[in-house]
Amino acid sequence: MFEGTDSAVVVAVPAAEAAVKEHRARFDPAAAWGVPAHVTVLYPFVPPAALDEDVLRSLADAVRTVPRFRAGWNATGWFDEDVLWLAPDPAEPFRALTKAVFRAFPDYPAYSGEFQDLMPHLTVARDGTPTELRAVERQVRGHLPISMLVTEVQLMCGSDAPNSWRTIRDIPLSA
């Protein structure tokens, strides 16, 4: 139904773009694919060719189980010394979104089940030397805190081709 090889459910964080866009363009391949600054809810999700009205309806029903919320990004975090990210506060509503969507789509565990403890995060940089990434961290910290009201998730489809990711549907959280 939709183009691309992959789909994802994300919370786009446009409020973070001023702080991270330049760094993501240099150190995060997903930025070149057209993926905005975001917190992942569930990836990989249903293959684009299988995204039909039943899937979209089930996804909307799952997302509506979580009320809209205000989130802040006040601190950086690290996965080893390889990935620099921003930590959302509170993290629990993001976890609730992931749990709700996974309950509705149990054949699609987050990150293919690779990680036991899912840490909601906004990736800033992952392809750089530790020295480069520490410099990025210092620059990004100067833009914190970031805050926004989270009112919806985005269903996106794309591939690893440049600028291929597109938002297919904005799906609102409950009021």
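Keep in mind that this is a model prediction, so the values were computed, not measured. The figures that follow rest on heavy atoms only: side chains count, while hydrogens, waters and symmetry mates do not.
- Residues P36 and M156 come closest through the heavy atom pair CD-CE, 3.6 Å.
- Annotation: side chain of H23 is not in contact with side chain of E132 (no heavy-atom distance under 4.5 Å).
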Derivation and outcome, side-chain contact (heavy atoms from CB on, under 4.5 Å), residues V83 and W85 | CA-CA 6 Å; V83 179; W85 46 272; 4.2 Å; yes
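- When all heavy atoms of A16 and L122 are compared, the pair lying nearest together is CB-CD1, 3.8 Å.
- With hydrogens and angles disregarded, a donor-acceptor distance shorter than 3.5 Å links the side chain of W165 to the backbone of S159.
- Note on V66 and F102: separate hydrophobic clusters, where clusters join Ile, Leu, Val, Met, Phe, Trp and Tyr whose side-chain heavy atoms are under 4.5 Å apart, directly or indirectly.
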Quick one: do L97 and F69 satisfy side-chain contact (heavy atoms from CB on, under 4.5 Å)? Show the steps, please.
-> CA-CA 11 Å; L97 280 166; F69 60 96; 4.3 Å; yes
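- With S58 contributing its side chain and V55 its backbone, the two residues share no donor-acceptor pair below 3.5 Å.
- Between the side chains of Q139 and E137, not a single donor N or O lies within less than 3.5 Å of an accepting N or O.
- E17 places a side-chain N or O within donor-acceptor distance of the main-chain N or O of A37, the cut-off being under 3.5 Å.
- The minimum heavy-atom distance linking L133 with G128 is given by the pair CD1-O, 3.9 Å.
- The shortest non-hydrogen separation linking P47 to Y108 is CD-OH, 3.4 Å.
- Annotation: side chain of V10 is not in contact with side chain of V39 (no heavy-atom distance under 4.5 Å).
- At least one donor-acceptor pair under 3.5 Å links the side chain of Q154 to the backbone N or O of A12.
- The main-chain N or O of A30 is found under 3.5 Å from a side-chain atom of D28 such that the two form a donor-acceptor pair.
- Using a 4.5 Å heavy-atom cutoff, the side chains of L144 and L86 are in contact.
- Inter-residue side-chain proximity for H38 and T40 is flagged as met; some heavy-atom pair is nearer than 4.5 Å.
- The closest side-chain heavy-atom distance from V101 to V41 is below 4.5 Å.
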Yes or no on side-chain hydrogen bond (donor to acceptor under 3.5 Å, both in side chains) for T123 and R24, after CA distance, side-chain angles and deciding distance?
-> CA-CA 8 Å; T123 299; R24 289 186 68 243; over 6 Å; no
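- Residues F27 and V136 have side chains in contact (heavy-atom distance under 4.5 Å, counting atoms from C-beta outward).
- For the 3.5 Å distance criterion, the side chains of R70 and S147 qualify, holding a donor opposite an acceptor.
- Here CZ of R141 is found 3.5 Å from OG1 of T76. Values are rounded to the nearest 0.5 Å.
- For the pair R134 and W78, the cation-pi criterion (under 6.0 Å, within 45° of the ring axis) is fulfilled.
- Counting heavy atoms from C-beta outward, F94 and V150 have side chains that approach closer than 4.5 Å.
- Scanning both residues, P67 and L173, for their nearest heavy atoms gives O-CD2, 3.5 Å.
- At least one side-chain heavy atom of F45 sits less than 4.5 Å from a side-chain heavy atom of L51.
- Listed for the H121 side chain is a donor-acceptor partner under 3.5 Å among the backbone atoms of M119.
- Between W73 and the options V124, V13, V20, a side-chain contact (heavy atoms from CB on, under 4.5 Å) holds for only V13.
- The main-chain N or O of P48 is never found under 3.5 Å from a side-chain atom of S7 such that the two would form a donor-acceptor pair.
- Judged by distance alone, with hydrogens and angles left aside, the side-chain atoms of W33 form a donor-acceptor pair with the main-chain N or O of D160 at under 3.5 Å.
- Note that CD1 of I171 and CZ of R57 are 12.5 Å apart. Values are rounded to the nearest 0.5 Å.
- Here R26 does not pair with E22 in a salt bridge; the nearest charged N to carboxylate O distance is not below 4.0 Å.
- L42 and P109 make their closest contact through CD1-C, 4.0 Å (heavy atoms, listed as atom of the first residue, atom of the second, distance).
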